Amino acid sequence: MLGLMQDRPLLISSILDHAARNHGGAKIVSARPDGTLTRHTWPQVAARAAQLAHALTARGVRQGERIATLAWNEHRHLEVYYGVSSMGAVMHTVNPRLFPDQIAYILKDAADTHLFVDPTLLKGAEALADRLPETLRTIVVMGTEAEIPADCPLRGRFEVLAQESLIAGQPEQFDWPELDERSASSLCYTSGTTGEPKGVLYSHRSTVLHGLAVLQKDVFNIGAEDVVMPVVPMFHVNAWGIPYAAGMAGASLVLPGPRLDPASLHRLFEEEGVTFSAGVPTIWTALLQWLRADPARRFARPPKLVVGGTALPAPINAGFLKEYGVHIRHAWGMTETSPLGTANTRKPENAEWDEDRFLDYARKQGRPLFGIELRVRDAEGKPVPQDGVAFGELEVRGPWVAGQYFNRPGDPAFTADGWFRTGDVVTVDALGCIEIVDRAKDVIKSGGEWISSITLENLILGHPAVAQAAVIGIHHSKWDERPLLLVVPKPGTSPTAEDILGYYEGRVAKWWVPDRVEFVDSLPLTATGKLWKADLKHKYKDRSLG
Ligand code: AMP
């Protein structure tokens, strides 16, 4: 027997309609590169998104067609987000920090027809001109005509126009189509740290369900009174769903533009009364250092922060809470999981823990949101015990988890029984909380046992002379692989190998201690600021440790 409830589809257009109809009092603040601010409201965002959809429809853009953006967090990007998806086309955000070859690859793979480019990124697009795909017809500069240089070399090959001229004179209402909620809404590529970037094609349904899920008290905890500032870029997994979640809640949005330095962010926190923000550890680490440099730097009203993307160093969390009263919540996710999969908040079982004990626990990535199921299996495919010690590869499934990649059927990341293999190696504890110990491809396979490279890296960062560290597996004739430690020493120190390796004594099992340490000037980072182990491994691929 079927239920007798109305079968209304879950659509991105309904988020926009809802915000415009019911939350006209919220503000949408957008920072320009020079620090000046523009102000809009949800009804204005809706009107401009409708104008954009009319303009694209008039130019023949069809449902399912991919429309790319190379842009920061600002209001025109938000309008493209809502306008493109609501009309049934696919919003394809591209990370401008990727290497040019990767950007060219991604645009070609997606077969985009339009590319929206922030004026500050136009030079980058020009450098790519010869490699832009044949499907691309139009380049829209996200500003006014005055922001397009007269000699823009893209002009010869493409139609180049400004977003303001594109939408000018178009009607401010659009009769949004009633799409199948499983229709594609947006496309985002993985950062490609392990090879070619892979496209994850979100649907209206997955986006709406993810948006509802992140609003929860134990996840982002956002309501209509919140002023939400996504520092995480809108080109990185839809800014963790914040543009949609804010619309659902009717919250205000502060879009910080390209300037993410601590002083610019702090000014927005204070002047705009930001109550919630989300970003990667590098952002919060830099902000903490900047705050500490001057005792006058405080928060009038400490915001709630969420961190994810890479593990949060415990001293950062402790520093924010103890010195500034700012709570940071740790969350985990991936491009393939929309991205939120887990978040770490208190439960009845640990409600009584004192602050220090919970701060230590907050290094873990958290427990699953409702809708996300986890399973952790060891190298032989057996489930690992929930003891917080044994580890295995994390697999997930749920309504906002990818079922396959765009243009790549049959990828082995998807199991025959419907799970996605994350490539993250984790422990799970009795409270259902996961802790990432490594990426599957980075664990060091020594004599059939696994050594966590991340554990070795985090430990050695406690050594007073170590600024940065990386551990990679190097070929070994007897053990298959053994760990090699690479260390960037702190300025003014010159530690010895014995001194560094001796630090592991008593802290890890003897067979975990790296066979060798080498001192280097720097370590390679990916476009998303993560340690680029693939590059390191490539560099050391012909080495052997015995
Ligand atoms: P991306 O798809 O670029 O967002 O990268 C996803 C990967 O980032 C995950 O598979 C993890 O390896 C890593 N990651 C995400 N969140 C965290 C976190 N809170 N702690 C540690 N690693 C994380």
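Model, not experiment: these values are computed from the prediction. In what follows, residues are counted from 1 in the order of the sequence shown. Order of listing sets the numbers, starting from 1, for every ligand and every atom in it.
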Novice: Taking only heavy atoms of Gly333, which atoms of ligand 1 are found under 4.0 Å from at least one of them?
Specialist: 6 (C), 9 (C), 15 (C), 16 (N)

Novice: Between the side chain of Arg66 and the main-chain N/O of His92, is any donor-acceptor distance below 3.5 Å?
Specialist: no

Novice: Do Arg357's NZ or CZ and the ring of Tyr361 fall within the cation-pi criteria of under 6.0 Å and 45°?
Specialist: no

Novice: Does Lys304 come within less than 4.0 Å of Asp226, counting only side-chain N to carboxylate O?
Specialist: yes

Novice: Would you call Arg329-Asp218 a salt bridge at under 4.0 Å N-O?
Specialist: no

Novice: Should you measure from each heavy atom of Thr335, which atoms of ligand 1 turn up under 4.0 Å away?
Specialist: 1 (P), 2 (O), 3 (O), 4 (O)

Novice: Pull out every atom of ligand 1 sitting under 4.0 Å from any heavy atom of Ala331, numbered as shown with elements.
Specialist: 18 (C), 19 (N)

Novice: Looking only at side chains, do Arg182 and Ser203 share a donor and an acceptor under 3.5 Å apart?
Specialist: no

Novice: Below the 3.5 angstrom mark, is there an N/O of Ala311, backbone or side chain, next to an N/O of ligand 1?
Specialist: yes

Novice: Which of these, Met334, Gln365, His236, His330, has its nearest heavy atom closest to atom 3 (O) of ligand 1?
Specialist: His236

Novice: Any donor-acceptor pair under 3.5 Å linking the side chain of Asn73 with the backbone of Pro230?
Specialist: yes

Novice: Which ligand 1 atoms are under 4.0 Å away from a heavy-atom of Ile436?
Specialist: 21 (C), 22 (N), 23 (C)

Novice: Tell me: protein heavy atom nearest atom 8 (O) of ligand 1, and distance?
Specialist: Lys530 NZ, 2.8 Å

Novice: Please list, in number order, the atoms of ligand 1 under 4.0 Å from a heavy atom of Arg439.
Specialist: 10 (O), 12 (O)

Novice: I need the nearest protein heavy-atom contact for atom 9 (C) of ligand 1: residue, atom name and distance, please.
Specialist: Asp424 OD2, 3.2 Å

Novice: Who gets closest to atom 16 (N) of ligand 1 by heavy atom: Pro281, Gly423, Gly309, Cys188?
Specialist: Gly309

Novice: State whether the side chain of Thr135 and the backbone N or O of Asp112 hold a donor-acceptor pair below 3.5 Å, judged by distance alone.
Specialist: yes

